[in-house]
Amino acid sequence: VHLKHLEPFRLSLEKLQDVSARLRKDMIRGLGKHSHHRASVKMLPTFVRATPDGTEKGDFLALDLGGTNFRVLHVRVLEEEQRVLKMDSQICAIPQDIMLGTGEKLFDHIAACLAEFLDSQKLRGQTLPLGFTFSFPCEQKEIDKSILIRWTKGFNCSGVEGEDVVNLLKEAIHRRGDYDISSVAMVNDTVGTMMSCGYRDQSCEIGMIIGTGTNACYMEEMKNVKRVEGEDGRMCINTEWGGFGDDGCLKDVLTEFDEEVDKTSINPGVHTFEKMISGMYLGEIVRLVLLKLTEEKLLFRGCPSEALLTPGSFETRFISEIEEPDSGLENAKKILTKLDLDWDLVDACVARLVCDTVSSRSARLCAAALATIVNRIRINRGLDHLKTTVGVDGTVYRKHPK
Ligand code: BGC
């Protein structure tokens, strides 16, 4: 099937190589001492200077905020030979009004979830060290001092941007006064992913997330990290590649649908690359394409339903369901019915094609960006060939059938 509205989503190999080259330049700009202020790819130092060697052990609490779910965990890293990670965890919902309310309410909610979890695990008396995975761009001053640059994805709490997030968490715990934690280490989710993969596989030096948002981190040579004192060894850099294109350098790649998604998002003008790739946006892109094809009478006999006209109604998980190799077409029919559309078999097949086109573009852009990082590590080390492992996580990566 040839549909002119799908053409702009099909990026040629040459175009992808070009995108990769542009990202390479932006990564260099982000690392520079004097250029990083203006860089759209922020290349944030993480103060993580090594990946695990597998001998680590201990008893920890962990918080995971910024993906699909907020989780509280108790992690016991056991003896070396067995390398068992014992885990108990609990998911706590974060209601929409807290995601968009005050920072104080958000951190009170987090502290309350942690209290409830400590009780259920009978851990309240112990003062355990805590690992805090906070999946937003932060200017990290030390491993336990981290200033939120801006909210992304669905979050927009007042009074947190520009503040030290570790401190806000500690303050909320102290306000309660009924339990305490020991030292805190804060990491981005990409860094957490790289570290947990690296615990088992020492060649893992890249972490990538394709979930609600998208991002990657990797081990950079200290001598290239101009914003941190010291020349020796390596440091993990949180690229924040979601912001790639925020200076307009991806104009030729964006479609009219991407522009619409950006305009109606809660953070217009920022996270251009993320909005073409991640779960928070893919469903909406598909909805806008389906709507356009309907308006042009190429789908659903030219009649959009109330649901199809409603922003957010086409969930990203529908894409995964529709692209299932076996049940996909049946799933497409069910979803189109649920959206109150008057479909025929051709419509269901076209809807499938639209999903495939939008998710393939996402995958290719990720691949191009990942290639940029891998090539950078390879050249840093003066190698012709690099063998490495990438730790990957995120709901889109986990749930999408391809
Ligand atoms: C955030 C990153 C995060 C990514 C994946 C983005 O919106 O800016 O810090 O790693 O989402 O969760």
Side-chain angles (χ1 to χ4, degrees), residues 23 26-27 30 36 39-48 62-71 91 94 99-100 106 131-140 143 146-157 160-166 185-197 206-219 236-246 258 261-262 265-284 316 362-363 365-366 369-370 373 390-400:
L23 179 59
D26 277 6
M27 284 172 63
H36 81 265
S40 50
V41 181
K42 296 199 150 42
M43 305 296 281
L44 303 164
T46 65
F47 293 84
V48 168
L63 295 178
D64 179 4
L65 180 74
T68 306
N69 291 308
F70 168 54
R71 292 186 302 161
I91 289 176
I94 299 200
M99 283 170 76
L100 303 173
L106 172 70
F132 187 9
T133 302
F134 185 73
S135 311
F136 300 95
C138 288
E139 188 69 58
Q140 208 140 352
I143 193 77
S146 197
I147 294 167
L148 177 65
I149 297 173
R150 71 158 83 99
W151 289 112
T152 60
K153 299 173 276 194
F155 283 79
N156 204 359
C157 300
V160 187
E161 289 178 350
E163 300 294 321
D164 173 10
V165 183
V166 175
M186 211 195 90
V187 292
N188 186 261
D189 52 352
T190 54
V191 183
T193 299
M194 178 190 77
M195 298 292 271
S196 58
C197 177
I206 301 175
M208 174 168 80
I209 301 285
I210 316 168
T212 312
T214 183
N215 190 14
C217 69
Y218 71 102
M219 295 304 288
C236 178
I237 294 295
N238 167 14
T239 66
E240 287 293 334
W241 76 19
F244 180 34
D246 289 3
D258 299 306
V261 163
D262 178 53
S265 68
I266 65 170
N267 54 353
V270 299
H271 274 215
T272 309
F273 195 55
E274 174 158 279
K275 286 170 183 165
M276 292 192 276
I277 291 176
S278 75
M280 178 108 193
Y281 311 99
L282 287 183
E284 185 63 4
T316 295
S362 159
L365 287 170
C366 269
L370 189 56
I373 293 183
V390 183
V392 190
D393 207 349
T395 38
V396 173
Y397 173 75
R398 279 176 186 271
K399 300 261 151 78
H400 194 281

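Numbering of residues begins at 1 and proceeds along the displayed sequence. As the structure lists them, so they are numbered: ligands from 1, and atoms in each ligand from 1.
Listed by chain and residue number, nothing satisfies the side-chain hydrogen bond (donor to acceptor under 3.5 Å, both in side chains) test with Glu161 (two or more places apart in sequence, or in another chain). Remark: His36 pairs with Arg227 by the side-chain hydrogen bond (donor to acceptor under 3.5 Å, both in side chains) rule, at least two apart or across chains. Remark: Val270 engages Arg150, Asp246, Asn267 in a side-chain contact (heavy atoms from CB on, under 4.5 Å) (not counting sequence neighbours).
No hydrogens or angles considered: nothing links the side chains of Lys42 and Thr239 as a donor-acceptor pair under 3.5 Å.
Of all heavy-atom pairs spanning Val166 and Asp164, the tightest one is N-OD1, 3.0 Å.
Considering only heavy atoms from C-beta on, Asn215 stays 4.5 Å or farther from Met208 through its side chain.
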Pick out the protein N or O atoms lying less than 3.5 Å from any N or O of ligand 1, and list each pair with its distance.
| from | atom 1 | to | atom 2 | distance (Å) |
| --- | --- | --- | --- | --- |
| ligand 1 | 7 (O) | Thr152 | OG1 | 2.8 |
| ligand 1 | 7 (O) | Glu274 | OE1 | 2.8 |
| ligand 1 | 7 (O) | Glu274 | OE2 | 3.0 |
| ligand 1 | 8 (O) | Glu240 | OE1 | 2.7 |
| ligand 1 | 9 (O) | Phe136 | N | 3.4 |
| ligand 1 | 9 (O) | Asn188 | ND2 | 2.8 |
| ligand 1 | 9 (O) | Glu240 | OE2 | 2.6 |
| ligand 1 | 10 (O) | Asn188 | OD1 | 3.0 |
| ligand 1 | 10 (O) | Asn188 | ND2 | 3.4 |
| ligand 1 | 10 (O) | Asp189 | OD1 | 2.6 |
| ligand 1 | 10 (O) | Asn215 | ND2 | 3.0 |
| ligand 1 | 11 (O) | Lys153 | NZ | 3.1 |
| ligand 1 | 11 (O) | Glu274 | OE1 | 3.4 |
| ligand 1 | 12 (O) | Lys153 | NZ | 2.9 |
| ligand 1 | 12 (O) | Asp189 | OD2 | 2.6 |

